[in-house]
Amino acid sequence: KTDITSQIPSLRKKFLLYKDYAGKTITEVIGGERLQKAAKLRVETLASSVLINDGNIQMRLLPLNGMAQLSPIFGIVSDDFDHDGLPDIFAVGNFFDVKPDLGRMDARAVYFLKGDGKGRFEYSPVSSTGLNFQTQFRDVVLFPGQEKKKLALAANDGPLVILEAQ
């Protein structure tokens with residue numbers, strides 16, 4: 001009740017008590033006419049995904065490996081990070097600033113996904129990458145260098161983290 005009445009204040013008078021709101025359908029809460037006039041949007045997927053260019057303007061949406069679905073991803077860069085000639089993915093995320101009843105989304109701040117050259121990316125665990133951060137990142141930028149590439153990771157309310165690709 002609190003969430004919806006904070007967004008639609010006029011409902012505060014309609015539902016003074018939680019028991020008045022309990023068990024109501026969306027039509028009963030919002031009203032049929034108001035619901036008919038509301039914009040209707042459709043979500044196709046909530047999965048963290050990448051678009052793969054198959055050539056000839058053919059794009060394919062590819063959800064990332066299951067481990068990369070454990071917390072929100074806010075920044076992704078692609079490059080051949082492991083020097084095998086195939087593109088890999090480096091992604092950053094986490095989200096702490098949620099309401100207490102939802103809980104923090106903090107399963108993994110940094111992801112390294114090794115590409116197989118066929119559009120699939122396999123999660124590399126922290127034990128093999130050493131990338132163990134307990135923060136929330138909002139973006140990542142790749143700086144190609146003459147000898148070594150650098151990644152700049154923007155932490156939310158924290159210092160900028162610079163990583164040097166080996």
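- Leu131 and Leu151 fall within a single hydrophobic cluster, where Ile, Leu, Val, Met, Phe, Trp and Tyr are joined by side-chain heavy atoms under 4.5 Å apart, directly or via other members.
- Of the possible polar contacts, one joining the Ser49 side chain to the Ala47 backbone as a donor-acceptor pair under 3.5 Å is found.
- Smallest separation of non-hydrogen atoms from Gly115 and Asp84: O-OD2, 4.2 Å.
- At most 12 non-hydrogen atoms from other residues, nucleotides or ligands lie less than 6.0 angstrom from NZ of Lys150.
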Subject >> Worked check of side-chain contact (heavy atoms from CB on, under 4.5 Å) between Phe137 and Phe74 >> reply: CA-CA 7 Å; Phe137 289 112; Phe74 293 102; over 6 Å; no
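- Going from atom CZ of Phe81 over to atom NZ of Lys149 covers 6.5 Å, rounded to the nearest 0.5 Å.
- Here the straight-line distance linking atom CG of Leu51 with atom CG of Asn53 works out to 9.0 Å at 0.5 Å rounding.
- By the rule that hydrophobic residues join a cluster once side-chain heavy atoms approach within less than 4.5 Å of another member, Val77 and Leu163 end up as members of one cluster.
- Of all the heavy atoms in Ala68 and Leu113, the pair that sits closest is CB-CD1, 4.3 Å.
- Evaluated for a side chain to side chain donor-acceptor pair (under 3.5 Å) with Tyr111, the options Ser124, Ser71, Ser48 yield exactly one hit, Ser71.
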**OP:** Decide side-chain contact (heavy atoms from CB on, under 4.5 Å) for Thr135 and Asn94; before the verdict, give the C-alpha distance in whole Å, the side-chain angles of both, and the deciding distance to 0.1 Å.
**Re:** CA-CA 7 Å; Thr135 189; Asn94 271 355; over 6 Å; no
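- Across Phe95 and Pro72, no two heavy atoms sit closer than the pair CB-CG, 3.9 Å.
- By the criterion of side-chain heavy atoms lying less than 4.5 angstrom apart, applied directly or through intervening Ile, Leu, Val, Met, Phe, Trp or Tyr residues, Phe121 is not grouped with Val92; the two fall into different hydrophobic clusters.
- Inter-residue side-chain proximity for Leu70 and Arg108 is flagged as unmet; no heavy-atom pair is nearer than 4.5 Å.
- Scanning all heavy atoms of the two residues, the minimum distance from Ala91 to Ile76 falls at CB-CG1, 3.9 Å.
- For the pair Phe15/Ile4, no side-chain contact is recorded, criterion being any heavy-atom separation below 4.5 Å from C-beta on.
- Nearest heavy atom pair, residue Ser78 against residue Leu142, reads O-CD2, 4.3 Å.
- Of the charged side-chain nitrogens involved, none lies within less than 4.0 Å of a carboxylate oxygen, so that Arg104 and Asp97 do not count as a salt-bridged pair.
- Linking ILVMFWY side-chain heavy atoms closer than 4.5 Å, directly or via other members, places Val161 and Val140 in a single hydrophobic cluster.
- Side-chain contact between Val29 and Leu11 is present, with heavy atoms from C-beta onward closer than 4.5 Å.
- No more than 12 heavy atoms of other residues, nucleotides or ligands lie within 6.0 Å of CG in Asn56, so this atom counts as exposed by the packing criterion.
- Taking CG of Asp157 as the reference point, atom CD of Gln136 lies at 7.5 Å (rounded to 0.5 Å).
- To the nearest 0.5 Å, atoms CG (Asn65) and NZ (Lys114) are separated by 13.5 Å.
- The existence of a salt bridge linking Glu122 and Arg120 is excluded, since no basic side-chain nitrogen approaches an acidic carboxylate oxygen closer than 4.0 Å.
- Side chain of Glu28 to main chain of Thr25: a donor-acceptor pair is present (N/O by atom type, distance under 3.5 Å, no hydrogens or angles).
- Tracing side-chain contacts under 4.5 Å through hydrophobic residues (I, L, V, M, F, W, Y), one never reaches Leu86 starting from Leu64; they form parts of separate clusters.
- At a cut-off of 3.5 Å, with distance as the only test, no side-chain donor of Gln58 or Arg60 sits close to an acceptor on the other residue.
- Under 3.5 Å, the side chains of Thr5 and Tyr21 contain no donor-acceptor pair of N or O atoms.
- At a threshold of 4.5 Å between non-hydrogen side-chain atoms, the residues Asp88 and Asp80 count as touching.
- Shown here for Val110 and Phe90, the closest heavy-atom pair between the two residues is CG1-CZ, 3.3 Å.
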